[in-house]
Amino acid sequence: MSKNEMIAMLLAGGQGSRLGILTKKIAKPAVAFGGMYRIIDFPLSNCINSGVFTVGVLTQYQPLRLNRHIGIGIPWDLDRQNGGVTILAPHVKGGDDSGEWFMGTANAIYQNIEYIDMNDPEYVLILSGDHIYKMDYSKMLELHKEKGATATIAVLEVSMEEASRFGIMNADGEDKIYEFEEKPPQPKSNLASMGIYIFTWKKLREALIADSKVHADSDFGKHIIPKMLADGEPMYAYRFKDYWKDVGTIQSYWEANRELIRTLPDFNLYEDFWKIYTNTNHQPPQYVGEQAEISTSIISDGCEIYGTVQSSVLGRDIIIEEGAVVKDSIIMDHCIIGKNSYIDCCIIDENTAIGENVKMGIGENIANEEKPQIYNTGITVVGEDTVVPANVEIGKNCVIYGITTPDQYPDGVLASGKSIIDEGVEL
């Protein structure tokens with residue numbers, strides 16, 4: 001691929017509301033994953049591994065930690081004078097001092113036409129910043145050029161039972177798309193759109209400008225793709241057959257992390273030929289105490305393990321004190337689990353301290369009273385910068401956020417489905 005033949009536009013501004021308290025202060029692409037990574041590391045690493053060296057990252061919701069993580073792109077070899085990574089936020093345009101939020105996926109690209117024109121690509125790759133997968137985008141571009149396509153859309157074959165949950169591409173025997181259906185009740189095929197597109201820039205530019213006059217919330221799935229199909233533009237499906245995961249719910253996030261600890265995981269973080277890069281400071285080595293027990297887990301740098309860790313994923317700089325047991329859980333960076341505590345099937349966000357003799361994730365599986373649609377699979381979630389006092393018992397599907405005190409746990413118990421949230425904070 002020649003320099004700037006194709007540039008990437010990475011949509012990373014989503015709130016990720018289905019991840020609940022985990023995205024209270026950060027955008028979904030900045031959420032930690034797999035111990036030492038963040039979700040956005042995967043599409044960024046795909047870009048550099050695919051030979052795409054110019055990437056615009058479009059941010060909007062709570063961008064501070066995401067911006068800090070990406071920086072100037074050094075970990076991904078994207079600190080380049082010609083190209084590299086650029087953070088693109090909503091901004092004031094024109095002379096009236098008026099700003100405008102990104103109103104849809106295509107609208108976000110439309111608002112950054114000047115950036116794309118400045119790089120003068122022949123093709124533009126549109127990506128989401130919140131999926132876990134490895135893809136060689138150069139192979140997708142080869143198909144796009146071979147077919148002379150205006151647009152090529154990555155698709156994943158799903159079961160026909162699941163197909164009604166996705167945008168479905170109906171294609172002929174040559175994988176030429178003739179129809180797009182958004183979450184059809186009676187799907188005609190199982191080719192689900194992955195939200196990964198390659199467009200010939202000249203054609204997309206014309207379509208974005210035209211659609212901006214009709215839809216303020218211009219969206220690829222709702223507006224741009226159907227209009228291009230109606231206009232007879234050649235569009236093709238690119239079939240992707242490897243691992244892909246949308247970690248957009250508490251359950252799928254928990255499952256995807258724990259899938260990494262299998263002996264032969266479906267998604268391998270340790271392949272030399274397709275590395276996943278991240279922004280990480282050098283940490284001290286792991287320390288495992290004399291009485292510690294660890295089985296089938298990912299333990300990141302800087303951890304000190306004096307207790308027991310089973311089937312769990314631990315981020316960096318975590319202390320598991322003597323007698324503590326962590327089981328089937330995800331614990332993010334800079335947390336402490338106190339002596340003799342028992343943590344089962346929980347997600348604990350960064351910079352959290354769990355006191356001594358705490359039992360968490362026990363009891364009946366009762367959906368959360370305030371947000372049953374988010375917390376309903378038995379996983380208790382603790383938000384970042386939280387303190388849980390010693391000697392309390394916490395049930396399943398609980399949500400805890402803030403510096404909590406013993407008086408907030410009646411009789412030392414937080415029953416399943418209950419929440420303790422800082423005043424003024426939405427669950």
Side-chain angles (χ1 to χ4, degrees), residues 6 8-11 14 42-43 46 50 52 104-110 123-208 210-211 215 217-248 252:
M6 180 168 74
M9 299 293 281
L10 204 165
L11 301 167
F42 296 88
N46 287 340
S50 301
V52 180
T105 55
N107 176 259
I109 304 301
Y110 168 74
Y123 309 103
V124 173
L125 170 67
I126 311 294
L127 302 172
S128 171
D130 51 13
H131 298 143
I132 305 298
Y133 67 107
K134 297 178 182 179
M135 180 188 285
D136 188 344
Y137 304 132
S138 68
K139 292 182 178 178
M140 186 173 169
L141 179 60
E142 286 176 10
L143 176 71
H144 183 86
K145 293 194 289 188
E146 175 191 325
K147 298 293 187 181
T150 292
T152 300
I153 299 170
V155 298
L156 195 69
E157 294 184 22
V158 299
S159 68
M160 290 301 291
E161 291 74 22
E162 290 182 294
S164 60
R165 295 174 40 227
F166 296 90
I168 296 297
M169 299 293 164
N170 297 319
D172 63 18
E174 300 297 320
D175 282 337
K176 185 175 183 180
I177 299 167
Y178 61 84
E179 185 182 26
F180 171 72
E181 297 181 287
E182 181 65 34
K183 298 182 179 179
Q186 301 293 328
K188 300 172 187 174
S189 83
N190 66 339
L191 298 181
S193 171
M194 298 169 65
I196 300 170
Y197 316 118
I198 291 178
F199 288 95
T200 299
W201 172 233
K202 181 179 178 182
K203 293 284 190 178
L204 177 59
R205 191 181 193 281
E206 294 171 355
L208 291 172
D211 197 70
H215 302 108
D217 59 346
S218 185
D219 182 85
F220 284 108
K222 294 177 183 177
H223 307 124
I224 300 297
I225 292 171
K227 182 64 166 62
M228 282 185 165
L229 281 172
D231 291 345
E233 296 288 352
M235 306 179 76
Y236 284 83
Y238 175 77
R239 294 175 184 257
F240 183 70
K241 299 185 186 245
D242 292 325
Y243 183 96
W244 179 86
K245 194 86 165 186
D246 181 349
V247 288
S252 65

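As a basis for the values below, the full set of heavy atoms in this structure was taken, side chains included, without hydrogen atoms, waters or symmetry mates. One-based numbering along the sequence shown.
The backbone N or O of Asp246 sits less than 3.5 Å from a side-chain atom of Ser252, completing a donor-acceptor pair. Although no hydrogens or angles enter the test, the distance criterion places no donor-acceptor pair under 3.5 Å between the side chain of Thr150 and the main chain of Met228. Remark: the backbone N or O of Tyr238 is not paired with any side-chain donor or acceptor of Thr152 at under 3.5 angstrom. Asn170 contributes no side-chain N or O that, together with a main-chain N or O of Glu181, makes up a donor-acceptor pair within less than 3.5 Å. No side-chain donor-acceptor contact under 3.5 Å links Thr200 to the backbone of Lys202. A donor-acceptor pair is defined here as one N or O able to donate and one able to accept, closer than 3.5 Å; no such pair exists between the side chain of Asp211 and the backbone of Ala207.
At least one side-chain heavy atom of Met135 sits under 4.5 Å from a side-chain heavy atom of Phe240. With contacts defined as side-chain heavy-atom distances shorter than 4.5 Å, the pair Ser164/Lys183 does not qualify. A 4.5 Å side-chain heavy-atom check between Val155 and Asp175 finds every atom pair outside the cut-off. Residues Trp244 and Ile132 have side chains not in contact (no heavy-atom distance under 4.5 Å, counting atoms from C-beta outward).
The structure places OH of Tyr197 at 9.5 Å from OG of Ser128, a figure rounded to the nearest 0.5 Å. Taken from OG1 in Thr105 to CD1 in Ile126, the straight-line distance is 8.5 Å, to the nearest 0.5 Å.
Salt-bridge annotation for Lys222 and Glu182: absent, with no side-chain N of the basic residue lying under 4.0 Å from a carboxylate O of the acidic one. Under the 4.0 Å criterion applied to side-chain N and carboxylate O atoms, Lys134 and Asp242 are not assigned as salt-bridge partners. Taking 4.0 Å as the cut-off between side-chain N and carboxylate O, Lys139 and Glu142 do not count as a salt-bridged pair.
Listed by first then second residue, pairs satisfying salt bridge (charged side-chain N to carboxylate O under 4.0 Å, His left out) with a partner in residues 225-236 read Lys203-Glu233, Lys227-Asp231, not counting sequence neighbours. Screening residues 187-196 for salt bridge (charged side-chain N to carboxylate O under 4.0 Å, His left out) gives Glu179-Lys188 as the qualifying pairs, with residues at least two apart or on separate chains.
Taking the side-chain contact (heavy atoms from CB on, under 4.5 Å) definition, one finds that Leu229 meets it with Ile177, Phe180, Ile225, Met235, sequence neighbours left out.
Side-chain contact of Asp219 with His223: a donor-acceptor pair under 3.5 Å is absent, judged by distance alone.
When the shell of 6.0 Å around CD of Glu174 is examined, it contains 12 or fewer heavy atoms from other residues, nucleotides or ligands.
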